[in-house]
Student: 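Let me begin by handing over the structure; questions about it come next.
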Amino acid sequence: MATVTLSNVGKTYAGGVDAVRGVDVEIKDGEFVVLVGPSGCGKSTMLRMVAGLEDVTRGEVRIGDRVVNTLDPADRDIAMVFQNYALYPHMSVRDNMAYGLKNRRTPKDEITRRVDEAARMLELAPYLDRKPRALSGGQRQRVAMGRAIVRQPSAFLFDEPLSNLDAKLRVSMRGEIRRLQKRLATTSLYVTHDQLEAMTLADRLIVLRDGAVEQVGAPLEVYRRPASAFVAAFIGSPAMTLLDARVSDGQALVGDHVVAPAAVPAGEVTLGLRPEDLRITRDGPLPMRVDYIEELGAQRIVHGFVDGQKIAVTETGAESLPADLRLSVDPGALHLFDVKTGRRLPQTVTRPEAVPA
Amino acid sequence: MQQVKPLDHLVLILGALFMALPVIVALMSSTHAAIEIHSNGLYLTPGGDGVETYNKVLTARGGFTGDVTGLLMLGNSMIMGIGFAVGKIVLSMTAAYALVYFRFRFATLIFWAIFTTLLLPLEVRIMPSYQVMSTLGLLNSYTGLIVPLLASATGTFFFRQFFKSVPDELLEAARIDGAGPWKFFVDVLVPLSRTMMAAIFIIMFIYGWNQYLWPLIMTTDESFYTLMRGIKSILQVWVGSQIPDYNEAFALAVLAMIPPIIVVVVFQRMFIKGLTESDK
Ligand SMILES: Nc1ncnc2c1ncn2[C@@H]1O[C@H](COP(=O)(O)OP(=O)(O)O)[C@@H](O)[C@H]1O
Ligand SMILES: [Mg+2]
């Protein structure tokens, strides 16, 4: 158990690719931090630098109170779970879990005790003598987690461990990982491109974009107050609608339609509206032309256009909708971003903390 | 369902006969006396001298020194076959391991250089090889017979391709598990390569077993005679009215076939098991 600290960490690959740029992160003891971002943004690179599988070009990586920049992966006291499981195909489940301990000269009975305990925790006991190929994808990934657990490391590193599993299994494994991490209270750094996975697992999220940190915060904080248009569009499903808008006389307008009051300086802005914050009302200020509807069962997503720009609304009704609707929105649900930098514009009006009913 | 087609079977039967007939002829002829073969030609039916011939071939002392028995030759061929197979596997695996997993400059260049030189057949480099062995004083020794031919382009190439197909994450997992380069090789790569090793073993054993030219040049001492040389020397006694011991040559040839067959059968089973077991 330990903190993991990255100070101004950067990575330039041999080809000159700047995969990670100036990252400052501190993961507290026992915290579950999820690195999330689109594919190719440098998540794996960052994780692998912590693991010691990739050289650190700039900056400093600390685990506990040791600078580990030049330490071998084996000496960093971390354990890693890979997307493709990376189990040793010729070893039984038991040997797979025990291998790291054997190499560390752990006494035999201690190895047996730890492997049995991990197997019980992960419900792998009946499979201990099987080879990985005789296991399902979910079981294989549990073995990979078992291999990490038995080592009792100071930190777990996960690189998209659920991406090879089918959707249903992914949900149940997600819960399992979360429960396990809480129980063991081991500092964890988890990489995923799936924002839902990130939201549900994380104590804290780190949103990465092109190798730089875009926002750090608790999942709900990031969801409610995305620091940039990029984060706004990335976190949340269905994605937040981003509209070209402008502010004049303290009102946000899309085209000629006044949306709601906005307490930012006048001028062009990017207006973000979460589909779940919009309501279909008879006399709403925003006219919407319906394009198509996605039925999800519990709710439906209405896609359409406002002033020629794409917009999405979620609602729970079941009756058929007319082709033209009107939308209304709370002033507090407006997200305003700078057109050029994409950064969030601070609003002077205090925003009510109401969650849409 | 596949329909049984008579024509296909005919072709298969003819093919099988075509392959098997020479072996049958050799086996049958070896059970006749030399003089019968000389006057009547080859046989397709068993004769009455089988036991005697095989006994003689295996145990009778021959050669100039009178020390060479069939068993000795069999033993020598065995040493050649196994020495080649094991040596080549060890050498080409370690070479491929270095080429794939260690980043050193010009690795690719070196690989292709080795590869192209080794592609030249033995006959091309046999004189320099002989010269080297002679200078080292290794003529008439098993070391001299085996070591110079151990470097194998084929083996290195196959293992290199195989190692390249092993996922990188396996190496990374092993590194995190505290396995150094040697442990990774022994604990992970070697067990994973079993199929490959079985395949190479078959090929290389037969290559070593069938060596003729190199032992012929490297050894003058008759105690290093191999079966291949034995067969040849039986047929070379054509002096005056003496006729070669055809039956003995055939018997030796039949004997010479048995170990490779055993190797193929045993290792093929491993080979196929390995193929069906691997999952990726
Ligand atoms: N070994 C490498 N050599 C050169 N460039 C690489 C290497 N690995 C990754 N990259 C590049 O670095 C960037 C980040 O990659 P990665 O960390 O794998 O992204 P992610 O895991 O977020 O999808 C990508 O542009 C990728 O092409
Ligand atoms: Mg990745």
Side-chain angles (χ1 to χ4, degrees), chain A residues 14 44 47-48 50-55 71-92 95-106 111 130-137 140 143-145 147-148 150-151 153 155-161 164, chain B residues 89 93 96-97 100-109 158-159 161-201 267 269-280:
Chain A
S44 297
L47 192 78
R48 294 163 55 82
V50 177
L53 298 172
E54 212 73 71
D55 291 336
L71 237 51
D72 255 4
D75 302 329
R76 294 191 180 196
D77 197 20
I78 47 100
M80 186 155 167
V81 178
F82 297 85
Q83 174 173 353
N84 66 2
Y85 324 129
L87 300 176
Y88 311 115
H90 58 290
M91 292 186 198
S92 66
D95 289 342
N96 260 289
M97 292 204 244
Y99 188 60
L101 293 176
K102 273 185 200 149
N103 288 340
R104 285 179 174 70
R105 307 238 153 80
T106 315
I111 295 182
R130 286 205 201 168
K131 296 274 172 66
R133 71 171 166 277
L135 300 177
S136 70
R140 285 182 207 189
V143 176
M145 273 159 36
R147 185 166 67 180
V150 294
R151 291 258 320 279
F156 290 137
L157 305 174
F158 299 86
D159 194 350
E160 313 224 6
N164 279 9
Chain B
I89 286 174
M93 260 186 104
Y97 181 54
V100 174
Y101 287 97
F102 292 85
R103 238 166 282 151
F104 49 93
R105 271 206 276 179
F106 312 122
T108 325
L109 193 74
F158 280 138
F159 280 115
Q161 295 312 101
F162 175 73
F163 290 165
K164 275 178 172 278
S165 77
V166 172
D168 288 343
E169 283 84 356
L170 224 48
L171 171 66
E172 292 169 353
R175 282 181 66 192
I176 291 175
D177 269 344
W182 173 247
K183 270 190 116 28
F184 175 67
F185 183 64
V186 174
D187 291 346
V188 180
L189 278 185
V190 170
L192 284 182
S193 310
R194 270 186 315 212
T195 314
M196 207 65 211
M197 283 158 78
I200 306 256
F201 191 95
F267 281 84
R269 204 170 288 159
M270 260 178 72
F271 182 56
I272 291 170
K273 197 164 153 245
L275 280 186
T276 50
E277 269 187 359
S278 71
D279 62 337
K280 237 179 284 150

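Below, chains carry the letters A, B, ... as their sequence lines are ordered, and counting in each starts from 1.
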Student: For the residue pair His90(A) and Val188(B), what are the closest heavy atoms and their distance?
Tutor: CE1-CA, 3.7 Å
Student: Over all heavy atoms of both residues, which pair between Tyr99(A) and Lys183(B) is shortest? Give the atoms and the distance, please.
Tutor: OH-O, 3.8 Å
Student: How far apart are the closest heavy atoms of Ile176(B) and Met80(A), and which atoms are they?
Tutor: CD1-CB, 3.4 Å
Student: May I ask you to test the Glu169(B)-Asp159(A) pair for a side-chain heavy-atom distance under 4.5 Å?
Tutor: no
Student: Can you name the side chain to side chain donor-acceptor pair (under 3.5 Å) partners of Arg48(A), sequence neighbours left out?
Tutor: Glu54(A), Glu172(B)
Student: Work out which heavy atom in Ala86(A) is nearest to a heavy atom in Ala173(B); give both atom names and the distance.
Tutor: O-CB, 3.8 Å
Student: How close do Pro167(B) and Asn84(A) get, counting heavy atoms only, and between which atoms?
Tutor: CB-ND2, 4.3 Å
Student: Please flag which part of Asp187(B) lies under 4.5 Å from any non-hydrogen atom of chain A: side chain, backbone, both or neither.
Tutor: both
Student: Tell me, yes or no, whether the heavy-atom count around Asp55(A) atom CG, taken from other residues, nucleotides or ligands under 6.0 Å, exceeds 12.
Tutor: no
Student: Less than 4.5 Å apart, any side-chain heavy atom of Leu170(B) and any of Pro89(A)?
Tutor: yes
Student: Write down the atom of Gly52(A), the atom of Arg175(B), and the distance for their closest heavy-atom approach.
Tutor: O-NH2, 3.6 Å
Student: Given a strict heavy-atom distance threshold of 4.5 Å, which part of Arg147(A) is in contact with chain B: side chain, backbone, both, or neither?
Tutor: side chain
Student: For Leu87(A), is it the side chain, the backbone, both, or neither that has a heavy atom closer than 4.5 Å to a heavy atom of chain B?
Tutor: backbone
Student: Is chain B contacted by the side chain of Ala144(A), its backbone, both, or neither, given a heavy-atom distance below 4.5 Å?
Tutor: neither
Student: If you measure from OH on Tyr88(A) to CG on Asp177(B), what distance do you get to the nearest 0.5 Å?
Tutor: 3.5 Å
